[in-house]
Amino acid sequence: MIPDWRSERQRMVDRQLRKRGIRDERVLEAMLAIPREEFVPTEMRVCSYADEPVHIGCGQTISQPYMIALMAELLELTGKETVLEIGGGSGYHAAVLGALAARVISIELIPALARQAEQNLHRAGRAANVTVICGDGSQGWPECAPYDGISVAAAAPEVPAPLMAQLNDPGRLVIPVGAYYDQELRVISKAGGEISERVATLCRFVPLRGNRGWRS
Ligand code: SAH
């Protein structure tokens, strides 16, 4: 029997997002519109709307729906922004950001995942304003900078300096920073030449690799 994805999605939005405090209606709408099952490997599809991360192959995971909604909400997008996503994975998070901003550049280090993300985005009808690039996002992507928002979906040992340099003023960077297994989700804002920073929550992400990531 094919699950009723639309009602699973509605239940996820109500129970996992609204109930836990996600307030941005645009974020809730985007999460209700985007078919998460199209971004999850066939054998994991029944878990598409589970309240947990889902394996997407190559040892990587697609974040829990709540974490994606929270990160998107923290960027405070209005629809006009250019956003850089680091750690494209399945392409789901990029699709959510694509529904909230004008343009999204998503960088994925693993070629097989980058290809898959692109296919998933096309199949879900979400590829029009999302560009997937295969490369090391720990150094950002200077070609399309500055970015009004930068969203990092892998844990960094510290905030990579190139990301701060590529962040617009005003602009917001959301990034998990800390130890290999436990991090804090930081929101770094640039406004009027000033930088401010706060911790939104504690979290656990897969490690950011590459030049400015974890080396092991
Ligand atoms: N946002 C994704 C899930 C991200 S999982 C989704 O919606 O599915 C984290 C991803 O970061 C993994 O796919 C991993 O390969 C990627 N990654 C790790 N280090 C990276 C780097 N330096 N540059 C780009 N991607 C990286």
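Ligands are counted one by one from 1 in listed order, and the atoms in each one are counted from 1 as well. Scope of the values below: all heavy atoms of this structure, side chains included, with no hydrogens, waters or symmetry mates. Fair warning: this is a prediction, and the values are worked out from it, not measured in the lab.
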Part of [X] within contact of ligand 1 (heavy atoms, under 4.0 Å):
X    : value
E85  : side chain
H93  : both
V206 : side chain
T61  : backbone
P207 : backbone

(message) Considering both backbone and side-chain atoms of D136, is one of its nitrogen or oxygen atoms within less than 3.5 Å of a nitrogen or oxygen in ligand 1?
(response)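 Yes, since at least one N or O of D136 sits under 3.5 Å from an N or O of ligand 1.
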
(request) Before signing off on this row, confirm whether I68 and ligand 1 have an N or O atom pair separated by under 3.5 Å. (result) no

Output the list of atoms in ligand 1 that are nearer than 4.0 Å to some heavy atom of [X], sorted by atom number.
X    : answer
L113 : 13 (O)
I110 : 15 (O)
S138 : 22 (N)
L208 : 19 (N), 20 (C), 21 (C), 22 (N)

(message) Within the supplied structure, the quantity of interest is the number of heavy atoms (other residues, nucleotides, ligands) at a distance under 6.0 Å from R15 CZ; does it exceed 12?
(response)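 Open.
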
(request) Return yes when atom CZ of R103 has more than 12 non-hydrogen atoms of other residues, nucleotides or ligands closer than 6.0 Å, and no otherwise. (result) no

(message) I need the full list of side chain to side chain donor-acceptor pair (under 3.5 Å) pairs touching residues 143-166, with sequence neighbours left out, sorted by first then second residue.
(response) D148-N168

Just wondering, do [Y] and [X] contact through their side chains at under 4.5 Å, heavy atoms?
X    : Y    : result
R198 : L74  : yes
R212 : P162 : yes
V96  : M31  : yes

May I ask whether [X] places a heavy atom under 4.0 Å from ligand 1?
X    : result
A117 : no
G135 : yes
G88  : yes
Q139 : no

(message) Given V152, which partner from the list L173, L185, V159, V177 fulfils the side-chain contact (heavy atoms from CB on, under 4.5 Å) test?
(response)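 Single side-chain contact (heavy atoms from CB on, under 4.5 Å) partner of V152 among L173, L185, V159, V177: L173.
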
(request) Could you state whether I133 and I150 fall into the same hydrophobic cluster, counting links through intermediate Ile, Leu, Val, Met, Phe, Trp or Tyr residues with side-chain heavy atoms under 4.5 angstrom apart? (result) yes

Shortest protein contact, [atom] (heavy atom only):
atom                    : answer
atom 24 (C) of ligand 1 : L109 N, 3.3 Å
atom 23 (N) of ligand 1 : G137 N, 2.8 Å
atom 13 (O) of ligand 1 : E108 OE1, 2.7 Å
atom 4 (C) of ligand 1  : G87 O, 3.3 Å
atom 12 (C) of ligand 1 : Q60 OE1, 3.2 Å
atom 19 (N) of ligand 1 : R209 N, 2.9 Å
atom 8 (O) of ligand 1  : S90 OG, 2.6 Å

(message) Could you report the tightest heavy-atom contact between E37 and R45, atom names first, then the distance?
(response)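 Closest pair (atom of E37, atom of R45, distance): O-NE, 2.9 Å.
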
(request) Using a strict 4.0 Å threshold on nitrogen-to-oxygen distance, state whether E38 and R36 make a salt bridge. (result)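 No, no charged N to carboxylate O under 4.0 Å.
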
(request) State plainly whether the residues R23 and E73 are in salt-bridge range, i.e. N to O under 4.0 Å. (result)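 Not counted as a salt bridge, because no side-chain N and carboxylate O are separated by less than 4.0 Å.
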
(request) For the residue pair R9 and Y49, confirm or rule out a side-chain donor-acceptor distance under 3.5 Å. (result)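 Looking only at side-chain atoms, Y49 and R9 do form a donor-acceptor pair, the distance falling under 3.5 Å.
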
(message) Which residue in the set E85, H93, E118 passes side-chain hydrogen bond (donor to acceptor under 3.5 Å, both in side chains) when paired with S106?
(response)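 Passing option: E85.
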
